[in-house]
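Step one of this worksheet: look at the structure below.
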2 protein chains.
Amino acid sequence: MTTIQDVARKAHVGVATVSRVLNESGYVKAETRERILDAIRELNYTPNAVARNLYHRKTGIVALIVPEISHPYFAEFIDAAEAVLYGCGYQCMICNTKREQNYEAYYLDLLKQQRVDGIITGVHTLDIEQYRQIDRPIVALDRQLGSHIPCVAVNHEEGGRMAAEALIRSGCRKVLQVTGQSHVSTPSNRRHEVFEQVIRESGGECINYLSKWNRFSYSYHREAALEIAENYPDIDGFFSTDVITAAVLHAMKEKGRRCPEDFSAVAYDGTFVSRLPYPELTTIVQPISELAETCVDLLMKQIRGDVLSETNIRLNVIYRQGATTA
Amino acid sequence: MTTIQDVARKAHVGVATVSRVLNESGYVKAETRERILDAIRELNYTPNAVARNLYHRKTGIVALIVPEISHPYFAEFIDAAEAVLYGCGYQCMICNTKREQNYEAYYLDLLKQQRVDGIITGVHTLDIEQYRQIDRPIVALDRQLGSHIPCVAVNHEEGGRMAAEALIRSGCRKVLQVTGQSHVSTPSNRRHEVFEQVIRESGGECINYLSKWNRFSYSYHREAALEIAENYPDIDGFFSTDVITAAVLHAMKEKGRRCPEDFSAVAYDGTFVSRLPYPELTTIVQPISELAETCVDLLMKQIRGDVLSETNIRLNVIYRQGATTA
DNA sequence: TTCGTGTATGGAACCCATCCCATAAAATGA
DNA sequence: TCATTTTATGGGATGGGTTCCATACACGAA
């Protein structure tokens, strides 16, 4: 690989002058500049980014930690975050934890090693304590990792309420919602509490189906859906994520239970998956792009060293009427 | 940040000795090692990865260039590739081109800047010439970028044939397939040629619907689907990707055309999306994990400096019977 | 006793940039 | 003409590691 030394030698100048040309800083005589640019062209020289990173003590890379890249919610989040980060001059490293906590610890280390300038994490298997030790830019998506780490999420209470009300409007009396493992309290778990409460208050019955699989790949969702259709064919209302709801609609149809004739359903997330099933899903839309923008914004502020005025941000969800509710 | 110097000072040794302990190489007296390890613990020292990268002239990062992260095919590919790369000790940087060719050029530069050790690209908007200039590890997914860059794809001819035959078996006489912009010849375009040929040979009519949008986001697919349902409600067979097929099934149903009663459909890719619609899609499955494994394998060989025996790899597709064909 | 050989350690070059600072010439002003 | 200021340039320290090589001691063999 050609280095700045090679360029300097070829142009008969010192490396400092070449550097000045490269960074367009300081004084360089027009004539000298041309000679250096020629040398750069001839040698097909490109500055080594790692050496620059070393000097500047930053890499221009942000890590996105997610439990599963191909889950539509995270895929759309990554898509959006990547676009915003690109606009800020940052590259984006993806880290798939697949629910293994050693992965998460490994990825957190990227920060200590100065391999990345910041982390946006949508994962929370580790102890909060392990995050507390790190005093570097981190933003959590939908995860409460302690007071010093900003958390960006939607207003899940509102989401849970909207979902419950949609089912109540559809006349549901016996509804089932799929809840996640809640050994760690996440903002997103709040929606299930509110959902249940609102359903109960309406006099309806609310079954909480605890997803055994704390996993995000579709095969698990599908199995859960089959189990639900098998064991609870008589529910008249259903609430879960887009993907699981789509899977349940499918499984129910196999059992001869049609939506919305025999039961209603409200989904959550508002990814493209909610538009795929027929009928289209009524869903509580999370503004994924805005979540990504907000996460990046908070991260950039930390990287710049700004003081964060707000560390607990809640965006609004949007109710999108499909055809799975009245 | 604490450096190896700080550790050396604290342990009263030279930096070389600390380095030896860190890398478990060379001779270090047990007693000295303990003293150094203590110092590392006390200072909470982590070696700076950028400095290491500079010396070793490698970063342990591979870039994945895709046109759209959240498209299920690419999302599942990234998911799989990330896992394999992790196993090889590599991190994974994602680059979304969104069909803008300046993005692709920008990302290719990451290689020249030595920011990444290799690139796996699923994108091909640039001239082959621009790839030819780069003599560093690159693997192309489903793209022919010139003889020196290995290309990994499935046997699309076989896929096109399987799809056509499935529709013929279902008795289709007037089928429509969605083809992409083919200003650049990609292996994947071959399936449409074979598909058309096989349909024609069976005496059927084959309409090639050229997707105006050379885009991968769902809103475009959906619009295309609505247009197809509007303009070609009388087709009895359909062939496209999972996502577009799902969208067309949806749009057709709105028009009162049911699948498989009124028309048959075969999809392509075999992502989780093929399992979401009801009825489940008959689809030609691309072995996405194997594609990813193969790409990574070829990339690692290049990084190691091995000579590639084969640079044009074709994996087999799998026919998966759903309920959209007989 | 002397000559390896294995063990143990640290100085310094190296990886490839950036940039401070010293130096000097040219341009400007008094 | 002399004193400043501006322009122009390069040496060398710096960022934080790795590793070659020189040095030195201990120990067994000749």
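The sequence lines fix the lettering, A, B, ..., with proteins before strands; numbering per chain opens at 1.
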*Derivation of the side-chain contact (heavy atoms from CB on, under 4.5 Å) call for B:D79 and A:K98*: CA-CA 10 Å; B:D79 212 319; A:K98 310 225 174 194; 3.2 Å; yes
_Of B:A51 and B:R33, the one whose closest DNA chain C nucleotide lies more 5'_ =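 Final value for this comparison: B:R33.
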*asked:* Take a 6.0 Å sphere around CG of A:D135 and say whether it holds more than 12 heavy atoms from other residues, nucleotides or ligands.
replied: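 Open: at most 12 neighbouring heavy atoms sit under 6.0 Å from CG of A:D135.
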Okay, side chain of [X], backbone of [Y]: is any donor-acceptor separation there less than 3.5 Å?
| X | Y | answer |
| --- | --- | --- |
| B:R136 | B:L111 | yes |
| A:R115 | B:T59 | yes |
| B:H56 | B:K58 | no |

Measure the distance from [atom1] on [X] to [atom2] on [N] and round it to the nearest whole Å.
| X | N | atom1 | atom2 | result |
| --- | --- | --- | --- | --- |
| B:R52 | C:dC14 | CZ | C1' | 17 Å |
| B:E24 | D:dT18 | CD | P | 12 Å |
| A:I4 | C:dC14 | CD1 | P | 18 Å |
| A:D6 | C:dC15 | CG | P | 10 Å |
| B:I36 | D:dG17 | CD1 | P | 14 Å |
| A:N48 | D:dG15 | CG | C1' | 13 Å |
| B:R115 | C:dC16 | CZ | P | 17 Å |
| B:K58 | D:dT18 | NZ | P | 14 Å |

Does [X] reach a base, just sugar-phosphate, or nothing at all? Heavy atoms under 4.0 Å.
| X | value |
| --- | --- |
| B:N53 | nothing |
| B:T3 | sugar-phosphate |
| B:V50 | nothing |

*asked:* Students often mix this up, so state it plainly: with edges at 30° and 60°, are the rings of B:Y103 and A:Y86 parallel, tilted or perpendicular?
replied: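 The arrangement is parallel - the two ring planes meet at less than 30°.
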*asked:* Which label fits B:F77 and B:Y73: parallel for a plane angle under 30°, tilted from 30 to 60°, or perpendicular past 60°?
replied: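 Parallel.
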So does [X] get a side-chain nitrogen or oxygen closer than 4.0 Å to the phosphate oxygens (OP1/OP2) of [N]?
| X | N | result |
| --- | --- | --- |
| A:Y55 | D:dG17 | no |
| B:T17 | C:dT9 | no |
| B:N23 | D:dT18 | yes |

Between the protein and nucleotides 23-27 of chain D, are there any N/O to N/O pairs under 3.5 Å, and if so, what are the atom names and distances?
none

Atom pairs under 3.5 Å: protein N/O with N/O of nucleotides 3-8 of chain D:
from	atom 1	to	atom 2	distance (Å)
D:dT7	OP2	A:Y27	OH	2.3

*Which atoms form the tightest heavy-atom contact between A:V296 and A:C88, and what is the distance?*
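For A:V296 versus A:C88, the nearest heavy atoms are CG1-SG, 4.1 Å.
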*asked:* From C-beta outward on B:H56, which listed nucleotide comes closest to its side chain: D:dT19, D:dG15, C:dC19?
replied: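 The answer is D:dT19.
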*Give the nucleotide from the list C:dT9, D:dT19, D:dG15 with an atom nearest to the side chain of B:A16.*
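In terms of side-chain proximity for B:A16, the closest of C:dT9, D:dT19, D:dG15 is D:dT19.
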*Carefully, step by step, assess B:K301 and B:D297 under the rule salt bridge (Lys or Arg N to Asp or Glu O under 4.0 Å).*
CA-CA 6 Å; B:K301 282 188 176 139; B:D297 181 51; 3.3 Å; yes
